[in-house]
Amino acid sequence: MTTASNPAAKKPLTPTKGGRNLELSEELKSYKGVWVFIEHDTKGLTDLVSKYQPEIVLLGATSQGRDLAGSVATTLLTGLTADCTELNIDPNTRALAATRPTFGGSLLCTIMTLAYRPQMATVRPRVFSLPRADETRTGTTIEDSLRMVESDIVTKLLDFIPDTQSNKVSLAYSDIIVAGGKGLKTPDNFKLVWDLARVLRAEVGATRAAVQAGWVEAERQVGQTGKTVRPKLYIAIGISGAIQHRVGMQDSDVILAINTDANAPIFDFAHYGIVGNAMTAVPALTDAFREHIAVRGRKVA
């Protein structure tokens, strides 16, 4: 566990026993707060929470984080707000105000755990931007033993078999994403998204409706039930901009929306918009980008 403190604190310890890699925790001393690193184990984290009595416990909403958060909250008999898109401290109660989509992504609700501690929430990767580091901050790394015995472990890892059929989609860390929605009408029209992405060397994303229609695999879904992304450029084609999709891409640096409906919600938060038929607008954009990239390539050469 790493506790960040002010510059006047003692020089941080550098534990080396056990061969554990503590480079990440050393780096996080530049940020304000308390950081806990632990293996995927309910008893270990529960023991730490019981010992240090934190007011708030936050975990990443990864596959392991979701599993761990649920089991720890159940063991501690406290509440858990999952897949949050916003976290605040209520000025009146000083409670954690955790906001998440509900009713299939059509509404946002804010939940507070007033009667139980700790207050727990999970946040998906890339939902929040990394704060500015303060290199003058220091901290102390504390090692705690898990005090576990083998008989406490009810499951064992027998083998790991990688999924060789899975596509290596890296939406969360892509600089450019071209995404398509049900507004494209047919899977053949969705090929326009792939054509533009190929020219821009971008990843392809999609709405839940496009995934459910079978146009693309689930790994490419952006939104509350898919991936959360923060690309430098997000091109949304035939996407209305419902909350379910919006929470997964609204923090992109630049959002370009293409839709036939001038009143589509996506135009409320997009930086640039094209009101028109994607069947003509997207091929024109693809040709323009291809020509521009070719000109730049000739100048460099």
Check: Arg208 and Gln244 side chains under 4.5 Å, non-hydrogen atoms:
yes
Run the salt bridge (charged side-chain N to carboxylate O under 4.0 Å, His left out) test on Arg220 and Glu203 for me, step by step, so that the C-alpha distance in whole Å, both residues' side-chain angles and the decisive distance to 0.1 Å come before the verdict.
CA-CA 9 Å; Arg220 297 191 180 277; Glu203 279 285 5; 2.9 Å; yes
Kindly determine whether Lys232 and Asp253 satisfy salt bridge (charged side-chain N to carboxylate O under 4.0 Å, His left out), including the steps that lead there.
CA-CA 5 Å; Lys232 295 177 180 177; Asp253 290 350; over 6 Å; no
Within the distance-only criterion (no hydrogens, no angle test), does the side chain of Thr228 pair as donor or acceptor with the backbone N or O of Gln224 below 3.5 angstrom?
no
Side chains of Val193 and Asp195: closer than 4.5 Å at any heavy-atom pair?
no
Closest non-hydrogen contact found for Pro187 with Trp215 is CD-NE1, 3.4 Å
Does a donor on one side chain and an acceptor on the other come within less than 3.5 Å for Thr110 and Thr99?
yes
May I ask you to test the Leu196-Ile237 pair for a side-chain heavy-atom distance under 4.5 Å?
yes
Sequence-distant partners of Ile274, side chain to side chain contact (heavy atoms under 4.5 Å, CB included), two or more places apart:
Leu256, Ile258, Ala281, Leu285
Which atom of Pro118 lies closest to which atom of Pro54, heavy atoms considered
CB-O, 3.4 Å
When you measure from the side chain of Asn259 to the backbone N and O of Ile266, does any donor-acceptor pair fall under 3.5 Å?
no
Let's go through Asp175 and Arg201 carefully: what are the C-alpha distance in whole Å and the side-chain angles of both, what is the deciding distance for salt bridge (charged side-chain N to carboxylate O under 4.0 Å, His left out) to 0.1 Å, and is it a yes or a no?
CA-CA 9 Å; Asp175 287 336; Arg201 296 184 179 180; over 6 Å; no
Can you give the donor-acceptor pairs under 3.5 Å from side chains of residues 178-186 to other protein atoms, not counting sequence neighbours?
| unit_1 | atom_1 | unit_2 | atom_2 | d |
| --- | --- | --- | --- | --- |
| Thr186 | OG1 | Asn189 | N | 3.2 |
| Thr186 | OG1 | Asn189 | ND2 | 3.2 |

Return yes when atom CZ of Phe269 has more than 12 non-hydrogen atoms of other residues, nucleotides or ligands closer than 6.0 Å, and no otherwise.
yes
How far does OG1 of Thr81 sit from CD1 of Ile111, to the nearest 0.5 angstrom?
4.5 Å
Nearest-0.5 Å distance that lies between atom CD1 in Ile235 and atom OG in Ser252
11.0 Å
If I take atom CZ from residue Arg66 and atom CG from residue Leu80, how far apart are they, to the nearest 0.5 angstrom?
11.0 Å
When you compare the side chain of Arg117 with that of Thr78, does any pair of heavy atoms fall below 4.5 Å?
no
Show me the donor-acceptor pairs within less than 3.5 Å that the side chains of residues 86-93 make with the rest of the protein, sequence neighbours left out.
| unit_1 | atom_1 | unit_2 | atom_2 | d |
| --- | --- | --- | --- | --- |
| Glu86 | OE2 | Asn88 | ND2 | 2.9 |
| Asp90 | OD2 | Asn92 | N | 3.1 |
| Asp90 | OD2 | Thr93 | N | 2.8 |
| Asp90 | OD2 | Thr93 | OG1 | 3.0 |
| Thr93 | OG1 | Ala95 | N | 3.2 |

Other residues, nucleotides, ligands: >12 heavy atoms within 6.0 Å of His271 NE2
yes
Please round to the nearest 0.5 Å and tell me the distance separating atom SG of Cys84 and atom CG of Leu96.
7.0 Å
Where is the tightest heavy-atom contact between Asp83 and Ala61, given as atom of each residue plus distance?
OD1-CB, 3.3 Å
